[in-house]
Structure formats: structure tokens, C-alpha cells
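As a basis for the values below, the full set of heavy atoms in this structure was taken, side chains included, without hydrogen atoms, waters or symmetry mates. Whatever order the structure lists ligands and atoms in, that order sets their numbers, starting from 1. We number each residue from 1, following the sequence as shown.
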Amino acid sequence: MLDSNRIMSKGFDVEIDTLANGGQAEDSTGVLSERSDLSVGLSSGGGAKSFYIETFGCQMNVHDTEKVAGFLLARGYRAAASATDADLMLYNTCSIREKAAQKVFSRLGEWRGERRKVIGVLGCLAQQEGEEIFERAPWVSLVCGSASYRKLPELVAELESGGRRVMGLDLNVDETFETEITRRDNPIRAYITIIEGCDYACSYCVVPHTRGPERSRASDAVLSEARRLAYAGYTEIQLLGQTVNSYRDPSPRKLSFVELLREVASVIGIRRVRFTTSHPNDFHREIVDAIDSTLALCDHIHLPVQSGSDRILREMRRTYTRDEYLDKISWIRGARRAISITSDIIVGFPGESERDFEDTLTLLDEVGYDGIFSFSYSPRPNTTATSMPDAIPEAEKSRRLAILQERQRQIQLTRNEKLVGETFEVLVDNHNAARAQWAGRTSSNRMINFTSPRENLLGEYIQVKVTRAAPHSLVGEHVALQ
Ligand code: 5AD
Ligand code: SF4
């Protein structure tokens, strides 16, 4: 599954705006008296009301924010320049780990007693906490879970007609969130959701409870969105889903995931197609074959393993063994193209012994990941792992995390050093004027900082020769093709 609230391997992370001050959360449970000013609402006053959305969490959330913003713009709202200026302040929240949830409550705490704005909580924490949010932060007027976005029009209409506490928390959904307009916040990479929710039941994970059951979008809807994006000038598309490769076309065309990949990759104007996150259980050899034979499919696969120990994988209910996972890795390594592989790993799952942890370390060596996102296990509400015995003390989890990260840092450095002297096609997505450097991504999603004699490179595909390697990024220079 997806997450960008992550600790390491920045070179593989999609940079998103999340927190301005991501410090430790304060306790915001001090319940104030209920807000008495009933006139606070979105209907009062003249002129277009403005909104501001702050996003926490994964790319899925980042893209949901783009859709919610699109919906509000279509309804006549305008985007505020800052939270302070907004009439409607929305938090699109994450609850994957305790810290993420605390950050949201800390943010809400900053608006204690606020009377001029309407404050709303969207996303996973909203779904998880529901009405409890009104208890903890009575100045909040809207709570809408990530499985209930299709109810937003009704909820916003209710707010506009003076509603003070409106809530959408339906989890029994069989539809995806469709919007006529999506505000695109990333000028280089465009996201398309192809599947929402999750039907797995990993024992540590809140997602099935916050995002609801798995449901796929019709292939025609996905393809027409891809064509619209290409027409708008996008060349790179990232297909999103908690378990993206579990995609099952609900329309009569019944495209498989791989067929959908190939069709998106063949849209004229699209030069790069990425997809995340793949579940190992639904990862088939055809995906590797498709990448091998389709240049526009990027040579990068994010395939979270979570643990290298069979015992822990079983306790986590990951549905595969270490060897089965490694078989899939060998298909990828056997491809003609050099495909980079990244992963998510949790340390300190309840009952994880030194030996189990060692199994995870040896798995890192065996796979040779190009990047990992690593986490300390965090107990979450409504998950079976929460009540498992033998919790690992926080200090021990931190110790294991540090060891894991150091081991992986060495692996990445070694792998990246081998790339010095090679030339890659880079899609330029950033410019650092102070350092006179450009930055972009290779097809394998490696971040590369480079110099160029040319100007105005944003959005261009450039050949870059690697001159230096670091664990999380590369350094290079623009080379002109002969
Ligand atoms: N504690 C720690 N990490 C978690 N993840 C999911 N749930 C938890 C949890 N309770 C991690 C997994 C997942 C990634 C997005 O977040 O590694 O793949
Ligand atoms: Fe991913 Fe498992 Fe969570 Fe589903 S339950 S989102 S497969 S970690």
C-alpha cells in the first residue's frame, strides 16, 4: 500500500506538501464548550467562499485532495492562498501510524475556539474516529471519511445551508470517487486512481477499516482520464491503488491489470507510466513481461515485503512466504531491462525475535533493494495485531529501525555507485537556483541532481550522465545526444 509519511529513501519518495511543522503532537483532547455561534456557515456573506486543504499521508491522499479541490472549484469556491485566508479549512488526514493521527489532532488544536471558519476533517482519520472528532475538537463542522467522498456534494450543501455538524462515514461502498474536475497540483506527474480500498486483512493495518472494501474503476474511465491528461500536456502518469495490481475491470471489457497497463502506456503523448502499490500476492510474471516489452512502463516496481521472517509474515497475514516473495523478485531480476525494486518494511511487530529481525536483514541483502520505506510497528485501533502479546519496547524498535536503515543505506550506496558513468533519460521536475542544479527522476524513479548549460528544462526529458552516487540520490551532468 501507499504511504509518503516516510522516513528514508527520499530518492524514491514522491515529494508532497504535508506538514509545515511536523513536530511531536500535543494533546488536543481538552474539550471546550460547544461552539455557540450558529451563524458560522458557508452561506453567509457575499462573494465566492474560499477553501484551503492540508494533506497528510500517501499519494492516494494527495490525489484525493486534488479531486476534492476540483469538486469545490466546480461548485464555485476559490482556492485560498493560505489557511488563515480560507473560509473552509479542510484536513485530509492519515491514520496509518499513531504519529500521523496525533499530528492531525495537534493541527486541529490550533483552531480551538475558531469562529470565522468552517473546519473539516476528511480522509482516514475521519473514517476511523468518526463522531469522536466532534468530541475532541468541537469546533470541527465536517467529518467525511475516505470511503465516503461521493457524499461530499450533499455534505457541503448541508454546510452551506447552515448545518453545524455534518458527517459522512459510510464504509459499505461499491463505488469509487469520481469527479468532473480534478485540480492537478503536480505539473509533471499526474495521478489516476484505478482501484480504491483493500480486501486484504494485514493484521497491523487500518486501511481496510478506513478506505473500505476494494473497488476498481471501469477501464474506459481510466483510459479517457489518461487521454485527457495527455491532451493537457502530461507525459507521466502514476496509477494508484492500495493494492494496484489487484485491479479488476468492472466493465464489460474486463481488462486485466496488465492489459490496462499496456493500454495506458499506448495513449499518444504518454511517455512514462508508473503504478503503486503492488501486493506480492497479486504480482504475476506478466507484469514483468509487460515492462520488458513496453518502454513507456517505467522500470520500477514497489513490492512491499514488510518482513523477512516467515513466522512474522504469517502473523501479519501477508499471504506469502519469504521464498514465494523471493521467487517474484527473481522474475524481476531476470528481466531484460534493469528494473529497480523498492519495498516497505515494518520492524518491531509484536513477538518479533532477534532471529526474525535477522531474517529481515538477510532479506535486504538477498534482494538488494534500490530503496525502502521502513517503519516501527505502531499499534492501530480495529486491527488484530493491537491485542497480540509480546509487544516490543519502543527503544528496541528504534534500535532495530536504525540497524535496518544503516544496512539498507550501504546497499543503496553500493548499488548507486555502480551507476556512475551511465547515462539515463531524466524527466526534469525541479530547479535549485541557489545550487545552479536541476533535478529529476530516471524511469527507475532514482532522483538525480544535475547541471546543464541549458535553461528552462522543467518538464523536459534530458539525457544525464551520472558522475557521483549517494545512497538516496545521484549527481550528474546533462549530456547532449550525438
Ligand atoms: N505500523 C507501522 N507501519 C505500518 N504500515 C502500515 N500499517 C502500519 C503500522 N500499524 C506501513 C506498511 C505499509 C506502509 C504504507 O505503512 O509498511 O506498507
Ligand atoms: Fe496494504 Fe495489507 Fe494494509 Fe491492504 S491491509 S492496505 S494490503 S498493508
- Message: How about CZ on Arg248, more than 12 heavy atoms from neighbouring residues, nucleotides or ligands closer than 6.0 Å, or not?
- Response: no

- Enumerate the atoms of ligand 1 whose separation from the nearest heavy atom of Gln306 is less than 4.0 angstrom. 12 (C), 13 (C), 17 (O), 18 (O)

- Task: Step through it carefully: locate the ring centre of Phe257, locate the ring centre of Phe275, and say whether they are under 6.0 Å apart.
- Result: yes

- Item | Cys202 neighbourhood, listing ligand 2 atoms whose heavy-atom distance to it stays under 4.0 Å | 2 (Fe), 5 (S), 7 (S), 8 (S)

- Does Arg380 make a cation-pi contact with Tyr204, if we ask for NZ or CZ under 6.0 Å from the ring centre and within 45° of the axis? no

- Message: With a 4.0 Å cut-off on N to O distance, would you call Asp365 and Arg407 a salt bridge?
- Response: yes

- Message: Under 4.0 Å, heavy-atom basis, I'd like to know which part of Ala385 is in contact with ligand 1: side chain, backbone, both or neither.
- Response: neither

- Message: Out of all atoms in ligand 1, which are within 4.0 Å of some heavy atom of Tyr377? Include the element for each.
- Response: 1 (N), 2 (C)

- Task: Out of Lys99, Arg97, Arg380, indicate the one that has the non-hydrogen atom closest to atom 4 (C) of ligand 1.
- Result: Arg97

- Message: Tell me whether the NZ or CZ atom of Arg150 lies within the 45° cone about the ring axis of Phe177 and under 6.0 Å from its centre.
- Response: no

- Task: Taking all non-hydrogen atoms of both residues into account, name the closest pair between Ser444 and Ser340 and its distance.
- Result: O-OG, 2.9 Å

- For ligand 1, is any non-hydrogen atom under 4.0 Å from Ile346's backbone (N, CA, C, O), its side chain (CB onward), both, or neither? side chain

- Message: So if I count the atoms of ligand 2 from 1 in the order they appear, which ones are less than 4.0 Å from some heavy atom of Arg318?
- Response: 2 (Fe), 7 (S), 8 (S)

- Task: Specify side chain, backbone, both or neither for Phe375, according to which of its non-hydrogen atoms lie closer than 4.0 Å to ligand 1.
- Result: side chain

- Do Asp429 and Arg189 meet the salt-bridge criterion of a basic N to acidic O distance under 4.0 Å? no

- Task: Please find out if atom 3 (Fe) of ligand 2 and some N, O or S atom of Cys198 are separated by less than 2.8 Å.
- Result: no

- Item | Sub-4.0 Å heavy-atom contact, Cys202 with ligand 1 | no

- Message: Measuring from atom 5 (S) of ligand 2, which candidate in Pro280, Gly197, Cys58, Pro208 has the nearest non-hydrogen atom?
- Response: Pro208

